[in-house]
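Only one structure is covered here, and it is reproduced in the block below.
Throughout, protein chains are lettered first and strands after them, A, B, ... in sequence-line order, and every chain is numbered starting at 1. Quick caveat, the model's predicted, so the values are computed rather than measured.
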Amino acid sequence: MKLATWNVNSVRAREARLLAWLAAWQPDVLCLQELKVVEADFPTAAVQALGYHAVVYGQKTYNGVAILSRTPPEDLRRGFGEDDDDPQARLVSARVNGVRVLSAYFPNGGEVGSDKFAYKLAWMEKLRVLLERTASPDEPLALCGDVNVAPDDRDVARPEEWKDTVLCHPAARAALQRIAAWGLDDTFRRHHAEGGFYSWWDYRMLGFPKNNGLRIDHVLATRRLAARSTAVEIDRNERKGKQPSDHVPVVATFAD
DNA sequence: ATGGTTGCTTAGCAA
């Protein structure tokens, strides 16, 4: 199974790239983030024409997440469930091919110390509790998405420049470690011990031309599922050319 | 080599 995640930064602006990428890579599952559209404006017919089902949890202007899959998704869940008080559409999940797949758009956090940063940390704790309450680390589960955290300095091209930002702050890293401690492995790290691989480059300040990137998009998998991963790639080429997203797809392949 | 934000909404925010 080929399982991918991609923050497209507006599915409306990225529709042509999305369709071309699907046709080229043909993943079994693609988790999307930052749709910036309500479900009615998602290009459902276009992805269906390429053979994909779509589970969409949309929102106007900001946020919005989806899961595309070749086989029918089951047990769809939008947001955090019954007592969800999160006004932002950042989490959707479905069972695909027997795997519980979550597409998550973690809050960015704005500035360290801001209300947005507090929301980010609280959101991450809420996700950890959701996993604890609704899933088991012994089942096949993949938490995919824009996590907005670079796990360690290998994931940052210029650690000194980024160390005090919301993407690298010790509190954000610790919150991600607590989620992982529930029972998730960073599948990319299983296959690449070295640094220098990034999934996001700021549009500003020549981020991509200078390769001033961070690895903040991840496929985290429960351990038995992670052990089945045979390769994890970051499609850096997707950042090139006209009108790229600021993020590129991460593609994990699992043995059957 | 790449490009000096981008997208949504329409002045300012979010990333």
Side chain of A:Lys240 - closest among B:dA1, B:dG7, B:dA15: B:dA1
Chi angles and distances behind the side chain to side chain contact (heavy atoms under 4.5 Å, CB included) call for A:Asp153, A:Arg173: CA-CA 11 Å; A:Asp153 283 352; A:Arg173 285 179 167 171; 3.1 Å; yes
Rounded distance in Å between the C1' positions of B:dT6 and B:dA11: 16 Å
Span that lies between the P atom of B:dA14 and that of B:dT9, in whole angstrom: 14 Å
Residue A:Arg204, side-chain heavy atoms: nucleotide from B:dT9, B:dC13, B:dA15 that is nearest: B:dA15
Below 4.0 Å: OP1/OP2 of B:dT6 and any side-chain N or O of A:Ser10: no
Spacing between A:Gln88 atom CD and B:dA14 atom P, to the nearest angstrom: 10 Å
Candidates A:Trp123, A:Tyr62, A:Tyr119 - the one meeting side-chain contact (heavy atoms from CB on, under 4.5 Å) with A:Gln88: A:Tyr119
Interatomic distance, A:Asp41 CG vs B:dT9 C1' [rounded to whole Å]: 14 Å
Nearest-angstrom distance from the residue atom CG of A:Asn212 to P of B:dG3: 17 Å
Touch class at under 4.0 angstrom, heavy-atom based, for A:Arg14 against every strand present: sugar-phosphate
Nearest to side-chain heavy atoms of A:Tyr62, which nucleotide of B:dA14, B:dG4, B:dA15: B:dA14
Earlier contact from the 5' end, DNA chain B, for A:Tyr203 and A:Asp146: A:Tyr203
Separation of atom NZ in A:Lys210 from atom P in B:dA1, rounded to whole Å: 16 Å
Test of ring centre spacing under 6.0 Å for A:His218 and A:Phe188: no
Shortest side-chain distance from A:Ala13, nucleotide among B:dC8, B:dA15, B:dG4: B:dC8
Any side-chain donor near an acceptor of the partner, A:Ser103 and A:Gln33, under 3.5 Å: yes
Out of B:dA15, B:dC8, B:dG7, whichever nucleotide has its closest atom nearest the side chain of A:Asn9: B:dG7
For A:Leu141, the option from A:Thr222, A:Thr134, A:Val99 that meets side-chain contact (heavy atoms from CB on, under 4.5 Å): A:Thr222
Nucleotide nearest A:Arg12 when distance is taken to its side chain, options B:dG7, B:dA14, B:dC8: B:dC8
Atom-to-atom span, CH2 of A:Trp200 to C1' of B:dA15 - whole angstrom: 8 Å
Whether A:Trp21 and A:Trp25 hold their rings parallel, tilted or perpendicular, with breakpoints at 30° and 60°: parallel
Protein-nucleotide distance (A:Lys36, atom NZ; B:dT9, atom P), rounded to Å: 9 Å
Distance, rounded to the nearest Å, where A:Lys242 contributes NZ and B:dT5 contributes C1': 16 Å
B:dT9 OP1/OP2 closer than 4.0 Å to side-chain N/O of A:Lys60: yes
Which residue lies more 5' along DNA chain B, comparing A:Met205 with A:Arg239 via nearest heavy atoms: A:Arg239
A:Phe208 side-chain proximity, nearest of B:dA15, B:dC13, B:dT2: B:dT2
Whole-Å distance separating the CD atom of A:Glu34 from the P atom of B:dA14: 13 Å
